[in-house]
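Written below as structure tokens is the structure these notes are about.
Note that ligands are numbered from 1 as they come in the structure, with each ligand's atoms numbered from 1 the same way. A quick note: this is a predicted structure, and the numbers were derived from the prediction, not measured. For reference, positions follow the sequence shown, starting with 1.
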Amino acid sequence: MKSVYLDNNATTYMKKEVVDAMLPYLYENFGNASSKFYQIGREAEQAVASFREKIADILGAKPNEIYFTGSGCEADNWAIKGIADAYRNKGNHIITSQIEHHAVLSACEFLEKHGFEVTYLPVDEYGIVNPIDVEKAITDKTILISIMTANNEIGAIEPICEISEIAKKHKIIFHTDAVQAIGHMRVNVNELGVDMLSLSGHKFHGPKGIGVLYIRNGIRISNLIHGGGQERGKRAATENVAAMAGIAKALEIATNDLDENIKKLTEKRDRLIKGISEKIPYCRLNGPVGDNRLCNNVNFSFKYIEGESILMLLDMKGVAASSGSACASGSLDPSHVLLAIGLPHEIAHGSLRLSVGDDTTDEDIDYVLEVLPPIIERLRMMSPLYEEVIRNS
Ligand SMILES: *Cc1c(COP(=O)(O)O)cnc(C)c1O
């Protein structure tokens, strides 16, 4: 059966070069990077140092500003809880947005139970945060601003440079979740002007279970994970050397052919957007159009039907995609991101995210444009809401 993977904002396949870079550290060189009294331990330690250097180099950071974590979620949690704890004498106010990943939102909600106050900034109809709103929300108690570089559901790219100017002017620490940005846009910590930045390996063809938090020198941060002295005493856990090798290699590949990749992904994205808009009535593109949109993200709402039903029928045709509604995660609420851009509940429920990758072919896109319209039509035929629309037209 045909199999088309269009959920690259959820995770990506691992590149062969990435697996090859990891294998030596799973087999012969299994040494503990903290065991310095014998050769394979020292080799592991040197390998970790070289991966850290490579990542620092690509992001425009210094090696001692790069910390490995166990995931993107951990990097986000650490940034928020670690700064909150380290600067709680200075203030208890945090600014973020309504469309952040749950790793950021839930960490903020946790802090609210422990005496912190959080401003969740609204976004415009395309999902963009207004830098003026950021500045207005600042109080003398504000210790942290956290705004994502690019949104995972609707692909909105946020005005990070403008926000970082404001953060600098008011001497407030600025963190960005750049998990979706790698491989899709240029990411350099100095150009962005950020103080902290989160990454996740599996979103750019690296392994799962590894992330990075960049922390600019001079910033204090409390530990999230206590224990041994790894990561300069800031994040305990025996180094996952193979995963570190993988994320460093994946970052190198994602950055090497960036312009070429952006061009190819954008073409595929736009072919999907154009095809769906032309072939399916009563649909709405969610998120920005053009340059402010992640080059691999497509998100549509289809009136009168449910996102989950679309996913089920697409799955029967071999197409892997994702829905804006969170039913899959055990909740009946529609996506917080779609609600934040102002979609009514019933429309937010009927959403579909298709995210292309470097392995998406023109035939894959033709196939989706062939199978999707009859699926939407079939579901609408079963919808009492749609029946009414037809009757009244
Ligand atoms: C996937 C994702 C995360 C979480 O990364 P994990 O490594 O899966 O924990 C955080 N933020 C964004 C924007 C993401 O897309």
Side-chain angles (χ1 to χ4, degrees), residues 5-14 18 55 67-82 96-110 120 123 127-129 146-158 160 175-185 187 192 194 196-214 224-225 235 237 240 242-244 246-248 250-251 254 265 286-288 292-299 320-324 326 328-329 335-338 340-341 353-357:
Y5 183 75
L6 286 177
D7 206 11
N8 287 276
N9 288 148
T11 197
T12 57
Y13 74 92
M14 271 213 272
V18 171
I55 291 170
Y67 296 83
F68 290 104
T69 67
S71 65
C73 281
E74 187 191 317
D76 285 343
N77 268 266
W78 185 19
I80 289 167
K81 295 175 190 169
T96 186
S97 82
Q98 292 176 0
I99 62 159
E100 298 299 310
H101 190 270
H102 281 297
V104 167
L105 290 177
S106 302
C108 286
E109 283 157 20
F110 169 82
Y120 300 92
V123 292
I128 308 284
V129 173
S146 179
I147 304 286
M148 69 203 316
T149 313
N151 181 267
N152 46 304
E153 289 189 36
I154 56 172
I157 296 177
E158 301 298 337
I160 297 302
H175 164 257
T176 191
D177 173 339
V179 169
Q180 290 290 342
I182 301 295
H184 303 140
M185 56 189 278
V187 177
L192 292 172
V194 296
M196 297 197 285
L197 178 142
S198 306
L199 299 185
S200 168
H202 73 98
K203 299 290 172 77
F204 51 92
H205 304 290
K208 293 172 179 58
I210 180 97
V212 160
L213 183 62
Y214 155 77
L224 185 68
I225 312 278
R235 198 268 182 184
N240 187 348
M244 293 171 182
I247 195 174
L251 187 61
L265 292 171
N286 298 314
N292 285 342
R293 185 179 196 103
L294 274 182
C295 59
N296 79 332
N297 172 283
V298 176
N299 187 309
S322 165
S323 158
S329 54
S335 139
H336 64 288
V337 177
L338 297 177
I341 60 171
R353 179 184 73 185
L354 301 165
S355 39
V356 299

Tell me, which residues have any heavy atom less than 4.0 Å from some atom of ligand 1?
->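 Heavy-atom contacts below 4.0 Å: Ser71, Gly72, Cys73, Asp76, His101, Met148, Asn152, Asp177, Val179, Gln180, Ser200, His202, Lys203.
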Only counting residues at least two apart or in another chain, list the ones meeting side-chain contact (heavy atoms from CB on, under 4.5 Å) with Thr12.
->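 For Thr12 the side-chain contact (heavy atoms from CB on, under 4.5 Å) partners, ignoring immediate neighbours, are Asn8, His205.
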Sub-4.5 Å side-chain heavy-atom contact between Val212 and Tyr67 =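 No, side chains not in contact.
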Shortest non-hydrogen contact from Thr96 to Glu100?
->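 Smallest heavy-atom distance, with atoms named: OG1-CG, 3.1 Å.
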Which residues pass the side-chain hydrogen bond (donor to acceptor under 3.5 Å, both in side chains) test with Thr69, sequence neighbours left out?
->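 With neighbours one apart ignored, the set is empty.
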Residues that Tyr5 engages under ring pair (Phe, Tyr, Trp, His ring centres under 6.0 Å), provided they are two or more places apart =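 By the ring pair (Phe, Tyr, Trp, His ring centres under 6.0 Å) rule, Tyr5 matches no residue at all.
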Parallel, tilted or perpendicular: which fits the ring planes of His102 and His336, with parallel below 30° and perpendicular above 60°?
->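 The rings of His102 and His336 sit tilted, inter-plane angle from 30° to 60°.
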